[in-house]
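Proteins come first, then strands; the chains are lettered A, B, ... in the order of their sequence lines, and each starts at number 1. Computed from a predicted model, the values in this text were never measured in an experiment.
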Number of protein chains: 4
Amino acid sequence: MDHRSLRRRVFDLLERDVPGDRLADVIHFGLIAVVVVSVVIAVLGTVPSLGLRDGIAFGAIEHACLAVFVVEYLMRLWVAPEHPLRRGMPAWKASVAYAFTPFAVIDLLAIVPLAGSLFGSYELHGLLVLRLMRFLKLARYSSGFNALFLAIRRERYALFSCLLILASGVLTAATLMYLVERDMQPDQFGSIPAAMWWAITTLTTVGYGDVVPVTALGRVIGGITMVSGLVMLALPIAIIATSFSQVIAQHNFVVTLSMVSRLAPFTDLDPKALGALMPVLHSRSFDRGHLVVRKGEKTGHLYVVLEGYVEVEHPDGVERLGPGGVFGVAPGAGMEHLTVRAASKAKVLVIEENELHTLMARHPVVVARLSGMVFPKTGA
Amino acid sequence: MDHRSLRRRVFDLLERDVPGDRLADVIHFGLIAVVVVSVVIAVLGTVPSLGLRDGIAFGAIEHACLAVFVVEYLMRLWVAPEHPLRRGMPAWKASVAYAFTPFAVIDLLAIVPLAGSLFGSYELHGLLVLRLMRFLKLARYSSGFNALFLAIRRERYALFSCLLILASGVLTAATLMYLVERDMQPDQFGSIPAAMWWAITTLTTVGYGDVVPVTALGRVIGGITMVSGLVMLALPIAIIATSFSQVIAQHNFVVTLSMVSRLAPFTDLDPKALGALMPVLHSRSFDRGHLVVRKGEKTGHLYVVLEGYVEVEHPDGVERLGPGGVFGVAPGAGMEHLTVRAASKAKVLVIEENELHTLMARHPVVVARLSGMVFPKTGA
Amino acid sequence: MDHRSLRRRVFDLLERDVPGDRLADVIHFGLIAVVVVSVVIAVLGTVPSLGLRDGIAFGAIEHACLAVFVVEYLMRLWVAPEHPLRRGMPAWKASVAYAFTPFAVIDLLAIVPLAGSLFGSYELHGLLVLRLMRFLKLARYSSGFNALFLAIRRERYALFSCLLILASGVLTAATLMYLVERDMQPDQFGSIPAAMWWAITTLTTVGYGDVVPVTALGRVIGGITMVSGLVMLALPIAIIATSFSQVIAQHNFVVTLSMVSRLAPFTDLDPKALGALMPVLHSRSFDRGHLVVRKGEKTGHLYVVLEGYVEVEHPDGVERLGPGGVFGVAPGAGMEHLTVRAASKAKVLVIEENELHTLMARHPVVVARLSGMVFPKTGA
Amino acid sequence: MDHRSLRRRVFDLLERDVPGDRLADVIHFGLIAVVVVSVVIAVLGTVPSLGLRDGIAFGAIEHACLAVFVVEYLMRLWVAPEHPLRRGMPAWKASVAYAFTPFAVIDLLAIVPLAGSLFGSYELHGLLVLRLMRFLKLARYSSGFNALFLAIRRERYALFSCLLILASGVLTAATLMYLVERDMQPDQFGSIPAAMWWAITTLTTVGYGDVVPVTALGRVIGGITMVSGLVMLALPIAIIATSFSQVIAQHNFVVTLSMVSRLAPFTDLDPKALGALMPVLHSRSFDRGHLVVRKGEKTGHLYVVLEGYVEVEHPDGVERLGPGGVFGVAPGAGMEHLTVRAASKAKVLVIEENELHTLMARHPVVVARLSGMVFPKTGA
C-alpha cells in the first residue's frame with residue numbers, strides 16, 4: 001500500500017463513515033474508552049483518601065492515555081489533506097488548516113498536560129482542568145451535543161432575552177430584599193451582591209436554604225419571587241424544548257462532509273460549494289416500506305439517497321435508486337404524480353424547496369448539476 | 001370439564017381479556033390487592049417502633065401473600081401453552097418458554113423470599129428488596145408503565161445525549177468549584193467527586209443546601225450552574241413530553257396478543273406472524289356517532305374492529321361491521337368515497353399505511369389474508 | 001312585583017348571566033369581597049402576636065360575613081326553582097335538589113361555623129378549616145378552576161399512571177437508601193417510610209436538605225434519583241400542559257345552563273335534554289370582522305349565536321343573525337359555499353360534527369329542532 | 001442645518017430605525033453601556049468591604065452617568081414632535097405628551113437621584129432603588145421584554161386562574177400543616193401565615209428546608225403538597241410556553257411606529273390611524289430565495305415590504321417590489337395564482353385576513369388606500 005492509499009485508509013478509519021467497517025468501529029469505541037478512562041482517573045486522582053496518585057498504576061494509565069491522544073492527534077494532522085473540505089491543498093497547508101478547527105484545538109489541549117508531566121510540575125491545577133476537558137473530545141462522536149448546540153444557536157436571541165429578564169428579576173428581588181432584611185441579617189443581606197445570591201437561588205427554584213428571609217415582609221417578597229421563578233423556568237423550557245425538538249426532527253442522523261463527498265453527485269465539487277451545501281442537507285431515515293414522498297405532495301424538495309434503496313413509482317413504471325440517486329423536482333417542474341417508498345432501510349438527504357432557491361442564487365452550478373441528475377426527467 | 005378446557009378457562013381468567021367476565025375481574029383486583037398489601041407490610045415491617053415483625057398477624061399475612069404468589073406462579077406456568085404465541089408447542093416447552101419472559105422472572109423473584117422464610121434466615125436484607133420488587137408485578141396491569149417504557153425506548157438516543165450533556169455539565173461545574181472552593185471548604189469541595197455531589201444537586205434544581213459555595217467567585221460559578229440547570233431541565237422535558245404524548249395518542253388502550261388472536265382474521269395465524277403483527281397494531285376507541293374515517297381522507301390505513309360496531313357508508317348503501325370486521329383499502333385501491341362511523345362505543349385496531357407496506361414485505365400471507373377480507377371489495 | 005317575578009329577578013342577579021346588569025355586577029364583586037375578607041380574617045386570626053381574636057372588630061366582621069353567607073344561602077335555596085334544570089318541579093323539591101349540588105354543599109359548610117359561634121365553642125379547630133374552605137366559594141366564579149378540573153379529569157388515567165410510576169420510583173429509591181445509609185444515619189434512614197420522605201423530597205426536586213445521604217454509595221444513588229426526578233417532572237408537565245391548553249382552546253368562556261336556556265332554540269327544552277346538550281356545547285368568542293367559518297371548510301359543525309351578531313355570506317346574499325340564530329349544516333347537507341364573519345364582538349356556541357351524531361342518537365328531538373332552524377335552508 | 005432638520009436628525013439617531021446608520025449604532029450601544037455601568041456601580045456601592053463610596057472615581061462615574069441620562073432625557077423631550085404619533089402637534093404639546101409615556105417616566109425616574117445628589121442626602125435608600133430601576137431603560141432596546149410582556153398580557157386570564165389555584169393550594173396546605181404540626185413546632189407552624197411560608201416554598205419546589213414537617217402525618221401532607229406542586233409547576237409552563245412561542249413566531253423582529261411611518265403607503269396617515277394599524281402588523285423576515293407566499297395558498301393576507309426586495313411571480317410575468325410595495329388581495333379578490341419569493345434578505349409586514357376586516361370596519365380609509373396600492377391589480 002503506497003503512502004496516499006494508506007493515508008486514505010487511516011482517514012476512513014478515523015472518520016468511520018464507510019458503513020460496516022469493523023476495524024473503524026473498534027478504533028471508534030477504543031478511543032471513547034480511553035477518553036472515559038482518562039477522565040475517570042483524573043477525577044479519582046483528586047480524592048486524597050484513595051491515595052491514587054502515589055500508585056504506579058495511576059501514572060502508567062495516565063501516561064498510556066496521553067500516548068494514545070498524542071498518536072491520535074498526529075494521525076489526524078497527517079490525514080487532514082484527505083478531508084473533502086481541504087481537497088487540492090498542499091499537505092502541510094491542510095494540516096495547518098485542520099489544526100485550527102475547534103476539534104483539533106480540543107485534541108491539542110488534551111495533550112498539553114504532557115508538557116507538565118515531562119517537566120515534573122504535575123500538581124499544576126490548570127493542567128487538571130485540561131485533563132478533564134478531554135471529556136469534550138466525546139463531543140466529536142455525539143449527535144446530541146451537536147443538536148443542543150444548534151438548538152441554542154437557532155434561538156440565541158430569544159435565550160438572550162430570557163437571560164436579560166432573569167437578570168432584571170434577580171436585580172429587582174435582590175434590591176427589595178436588601179432594603180427589607182439588611183438590618184435583620186447583615187451577613188446574608190448586607191449588600192446587593194449578597195442578596196443576589198439568594199435571588200438567583202430562589203428564581204431558579206434551587207433553594208439551598210443557606211440564606212432565607214426571616215421577616216414577614218421579606219417572606220412576602222420571597223413568595224412573589226418564587227412565583228415569578230415559575231415563569232422564569234417556563235421561558236427557557238418553552239424555547240429550548242421547541243427548538244431542540246425541531247433540530248432533532250430535521251436531522252435524525254449526523255451527516256458528515258466525507259459521507260456526502262462520496263456520493264456521485266458531489267464527488268468533484270470544490271470545497272467551497274460543498275461547504276455551502278452541508279447546512280442545507282437535512283437527514284431522514286426510513287424503514288423498509290415507508291413512504292418518502294406521498295402521491296400528491298406539493299412541496300418541491302430535492303432528495304439524494306445516502307444509504308439503501310428507494311423505489312420511485314411513476315406513471316410509466318417503477319425505478320429503483322441506490323446511493324447517490326437523486327429524485328424530486330428540477331425547479332419549475334411538478335412531482336405530484338410520484339410515490340417514493342423505501343425499498344430497504346434507507347437514509348435520504350433532503351434539500352427543502354426554500355433552501356434550494358437560496359442555493360441556486362449562490363451556487364447555480366450545484367443546483368444545475370443536481371437538476372441534471374434528477375429522476376424522473378421532466379420536459380420533453 | 002376436561003383438562004384442556006379447564007386450562008383454557010384458567011388462562012382466560014388470568015389474562016382477563018374476554019370483556020364482561022365478572023370472575024376474571026374479581027381475580028384481577030384480588031391479585032392487585034394482595035400485591036399492595038404485601039408491599040405495605042414489607043415497608044411497615046422496617047419501622048422498629050411499630051414492632052410489627054414480632055406480631056403473629058404480620059407473619060401470617062406475609063405467608064398468606066407468599067402462598068397466593070406461589071399458586072399464581074404455578075397456575076401461569078400450567079396455562080402457558082394456551083398463549084397464542086406458544087400455540088402448538090408441547091406443554092412442558094411452553095411452560096419453560098414462559099418462565100423466561102420478564103413478567104415470569106418478576107413473579108419468580110417475588111416468591112424467592114419463601115426460601116429464606118423456610119430456612120429461617122428472615123432478616124436477610126436482600127430478601128427485603130425482593131419483597132418490595134413485588135411492586136413490579138403491578139406493571140403487568142398498568143398501561144402507564146408500558147407507555148413510559150415505550151416513550152423512553154423511542155427516544156433513547158436523544159435521552160442518552162441528554163445524559164451526556166448533563167454529565168459534562170456536572171464535570172465542568174464540579175471541576176471549577178473544586179479549584180475555587182477547595183481551600184475554603186476542604187470537607188465539601190476537597191475532591192472532584194465530592195464537588196460532583198454539589199453539582200448534580202444544583203443542576204437538577206434539587207438544591208439540598210448541605211453543600212453551598214461561600215466565596216464570591218464560587219457563588220458566581222454557582223449562579224451560572226443554576227441557570228445552565230434550567231436548560232438541563234428543559235431538554236428531557238422536551239423529549240419525554242413529546243414522546244409520551246405521542247405514545248399515548250397512538251395507543252389509547254392496551255391490546256394483548258390473546259385479544260387479537262380471538263379475532264376472525266387472526267385465529268389461525270402462526271405465532272411468528274402474530275408476533276410480527278402486534279407492534280404495528282395501534283389502538284383507538286370511538287364514542288357512538290364519532291367518525292372513524294372521514295369522507296375524502298387519503299391515508300390508506302387498514303382497520304380491524306376489536307369491540308363494538310361500526311357503520312361503513314359507501315355509495316351502494318350502509319354496511320354494519322362487528323368484531324373481526326376489516327375495512328379500509330387493499331394496497332392500490334382508494335377509499336376516498338367512504339365514511340365510517342362508530343355505531344356503538346367501539347374499539348378499533350389500525351395498521352398505518354407505512355406499516356402495512358413493511359408488513360407486506362415480511363409477511364405477505366398476513367396482508368393477503370387481510371386484503372381478502374377487506375370491506376368494501378375493490379375491483380370487479 | 002309579584003312573588004314569581006321577584007324570584008326570577010333575584011335568580012338573574014345571583015347568576016349574573018344577563019349581560020350588562022349593573023346591580024348583578026355589584027352583587028357579584030361584593031360577594032367575592034366578602035369571601036376574601038372572611039378568609040383573610042380567619043388566617044390572620046391564627047397569629048397570636050396580632051391578638052386579633054380579642055378585638056371587637058374581629059368578631060364583628062366575622063359575624064357580618066357569616067350573616068351575608070346565610071342570607072346568600074337562603075336566597076339561593078329560594079330561587080332554585082328558577083334554574084332551567086329544575087323547571088316544572090314543585091318549589092320545595094327544587095330547593096332540596098339544589099341543596100345537594102356541590103356548590104350548595106360548599107355554601108352550607110361555609111355557614112356551619114355559625115353553630116359553633118352560637119354555642120360558644122369558638123376554638124374548635126375543625127371550624128377553622130370550614131372557615132378557610134369558604135375560599136372554595138370562589139370556584140363558582142372562576143373559569144380557571146373549572147378548566148383545571150376538566151383538564152385533570154380528561155387525563156385522569158394518564159395522571160394515575162404517573163402517580164404509579166412516581167410511587168414505584170419513591171419505593172425503589174427509599175429501599176436502596178435504607179439498605180445503604182441505615183447504619184450511618186439511623187434517625188433519617190432507619191426505616192423505609194423514613195427513607196421515603198427523602199425520596200419524595202428528591203424526586204419532586206423540592207430538596208429540603210433536612211435529610212441527605214452522606215456515604216459515597218448513597219450519593220451515587222441520590223444522583224440517579226435526582227436525574228430520574230427530572231423524568232418524573234416531565235411526565236405530568238407533558239400531560240397537564242397538553243390537556244389544559246386544549247380545554248382552554250375548546251371553551252374560551254364559561255357557558256351556564258341559564259344562559260343557554262334563554263336562547264330561542266332551547267327555551268322550552270325539558271331539563272334532561274338540556275343536561276345532555278351542555279357538555280357538547282363548546283364556546284368561542286370572535287372579534288368584529290373575524291372569520292367564524294371560512295369558505296371551503298368541510299367540517300359539519302353546528303353553530304348557535306349566544307351574544308352579538310354574525311353575517312352569513314351565501315351565494316344569494318348576506319344574512320345577519322343575532323342571539324339564538326343557528327347556522328351550519330343539517331346532517332347530510334354541505335356548507336362549502338358559506339363564509340360567516342362576526343359583525344360585532346360575538347360569542348358563538350359550537351356543536352362539533354362528531355358530537356352532533358352522538359346527540360342525534362340519544363336526543364333526536366333536539367337535533368331535529370336545531371336542523372329545522374338552521375340557516376341557510378338546504379334542499380328545495 | 002436648520003433647527004427642524006437637526007431635530008429630525010437627532011430623532012433618527014436616537015430611534016435608530018434607519019438601517020445602516022453607523023452613528024446611531026454607536027449612540028445605541030453607548031447608551032446601553034452607560035446604563036450597565038451605572039447599575040453595576042450602584043450594586044457594588046452597597047458592598048461595605050469594597051469601600052467604593054468613599055473613592056473619588058465612584059462619585060465621578062455616578063455623576064457622569066447622571067449627566068448622560070439628563071442630556072438623553074432632554075434630547076428626547078426636544079425631538080418628541082418628530083414622532084409620527086405626534087405629527088402636527090405644537091412642539092410643547094408633543095413634549096408634554098411624550099413625558100407621560102412609560103419609557104419617558106422610566107427615564108425621568110432614572111435621573112431623580114440627581115436631586116438627592118444635589119441636596120446631599122445621598123444615603124436615601126429610596127434613591128438606590130431608583131438608580132437600579134435604570135436597568136429598565138434597557139427594556140426600550142430589548143424585543144425579549146416586549147415579547148414576554150405581550151405573552152403575559154395575552155394569557156392574563158389563564159395566568160390569573162393559575163394564581164388563584166396556587167393561592168388555594170397554599171391556603172389548603174398551610175391550614176392542614178398548621179393543624180398537624182402546630183404543637184410540635186410552634187415557631188414554624190404556630191400560625192397559618194407562618195405555615196403559608198412553608199407551603200409556598202414547597203409548592204414552587206424551591207424547598208429551602210428552613211421549615212420542614214417532622215411528624216409522620218405532617219410528612220404525608222408534605223408529600224401530597226409536593227406532588228401537587230408538580231401540577232402547579234405544569235400550569236404556568238403550559239400557558240407561558242405556548243403564548244411566548246406564538247408571540248415570537250408572529251413578530252420575529254421589532255417594528256416601530258417610525259419605521260412604518262417612513263413607508264410610502266403610510267407617510268401621510270394621521271396619528272390615530274397609524275396607532276390603529278400598529279398592533280395588526282405582524283413582522284416576518286425571509287432569507288433570499290425563501291417563499292413568502294406559496295402558489296395555491298388561500299389565506300387573504302395583505303403584505304407590505306419593509307426592507308429588501310421580493311419578486312411576485314404571476315401569470316403575466318414577474319414583478320419586483322421594494323420597500324413600501326404592497327401585495328396580496330384587496331378584499332374579495334383571490335391570489336391563488338401568485339408565488340412570492342424574497343429576492344434578497346427581506347423584512348415584510350403582514351396584516352392577517354381577520355385583522356384586515358376588523359381594520360376595514362374601523363378605518364376604511366387605511367384599507368381603501370392599501371387596496372388601491374396592492375399588486376397585482378384585480379378587476380378590469
Side-chain angles (χ1 to χ4, degrees), chain A residues 39 42-50 125-126 128-129 132-133 135-136 138-139 142-148 152 159 162-163 166 170 193 196-197 200-201 203-210 232-233 236-245 248 286-291 294-296 341 343, chain B residues 155 157-165 167-168 171-172 174-176 178-179 182 190-196 201-202 204-214 216 219 222-223 225-227 229-231 233-235 237-239 241-242 298-299 353-362:
Chain A
V39 168
V43 165
L44 293 182
T46 64
V47 185
S49 61
L50 291 181
H125 273 95
L128 176 69
V129 178
L132 287 170
M133 273 181 61
F135 198 83
L136 290 180
L138 293 184
S142 160
S143 58
F145 269 103
N146 214 344
L148 180 68
I152 288 177
L159 287 172
C162 281
L163 268 184
L166 185 66
V170 166
M196 285 169 80
W197 171 244
I200 184 90
T201 302
L203 278 172
T204 57
T205 77
V206 169
Y208 287 133
D210 55 338
M232 301 285 162
L233 217 69
I237 288 181
I239 295 166
I240 292 268
T242 314
S243 179
F244 194 63
S245 310
I248 283 185
F286 296 90
D287 273 340
R288 182 177 168 190
H290 280 208
L291 285 170
R294 178 184 295 279
K295 199 172 178 171
R341 199 175 279 286
Chain B
E155 300 290 340
Y157 297 116
L159 286 172
F160 182 76
S161 297
C162 281
L163 267 186
L164 212 65
I165 291 166
S168 64
L171 205 61
T172 308
T175 306
L176 291 175
Y178 164 72
L179 293 176
R182 190 167 32 119
S191 69
I192 290 182
M196 285 168 81
T201 302
T202 301
T204 57
T205 77
V206 169
Y208 286 133
D210 55 338
V211 188
V212 290
V214 293
R219 288 185 164 187
T225 306
M226 286 170 207
V227 175
L230 296 189
V231 175
L233 217 70
L235 293 181
I237 288 180
I239 296 167
T242 315
K298 279 177 189 147
T299 50
E353 192 181 2
N354 273 334
E355 313 279 13
L356 199 62
H357 278 86
T358 311
L359 196 67
M360 185 159 54
R362 289 187 196 144

Got a second to check how far [X]'s [atom1] is from [Y]'s [atom2], nearest 0.5 Å?
| X | Y | atom1 | atom2 | answer |
| --- | --- | --- | --- | --- |
| Arg288(A) | Asn354(B) | CZ | CG | 14.0 Å |
| Arg219(B) | Thr201(A) | CZ | OG1 | 7.5 Å |
| Phe286(A) | Thr358(B) | CZ | OG1 | 12.0 Å |
| Glu355(B) | His290(A) | CD | NE2 | 4.5 Å |

Is [X] in contact with chain B via its backbone, its side chain, both, or neither, using a 4.5 Å heavy-atom distance?
| X | answer |
| --- | --- |
| Val39(A) | side chain |
| Leu166(A) | side chain |
| Leu163(A) | side chain |

Nearest heavy-atom pair of [X] and [Y]: which atoms, and what distance?
| X | Y | answer |
| --- | --- | --- |
| Ser191(B) | Pro48(A) | CB-CD, 4.2 Å |
| Tyr208(A) | Val211(B) | CE2-O, 4.3 Å |
| Leu164(B) | Phe135(A) | O-CE2, 4.0 Å |
| Trp197(A) | Gly223(B) | CZ3-N, 4.1 Å |

Task: Top contributor to chain B interface from Val170(A), Ile200(A), Thr204(A) [non-hydrogen pairs under 4.5 Å] - done: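 Of Val170(A), Ile200(A), Thr204(A), Thr204(A) has the most heavy-atom pairs under 4.5 Å with chain B.
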Task: Val206(B) versus chain A, the contacting section by heavy-atom distance below 4.5 Å - done: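 Just the backbone, heavy atoms under 4.5 Å.
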- [ ] Would you check if Leu171(B) and Val43(A) make a side-chain contact, meaning some heavy-atom pair closer than 4.5 Å?
- [x]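 Leu171(B) vs Val43(A): side chains touch.
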Open item on the list: Quick check on the interface: out of Ala174(B), Ser168(B), Ala195(B), who has the most heavy-atom pairs with chain A under 4.5 Å?
Closed with: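 Answer, by heavy-atom pair count under 4.5 Å with chain A: Ser168(B).
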Task: Side-chain donor/acceptor of Asp210(A) to backbone N/O of Gly209(B), under 3.5 Å - done: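 A pair under 3.5 Å: no.
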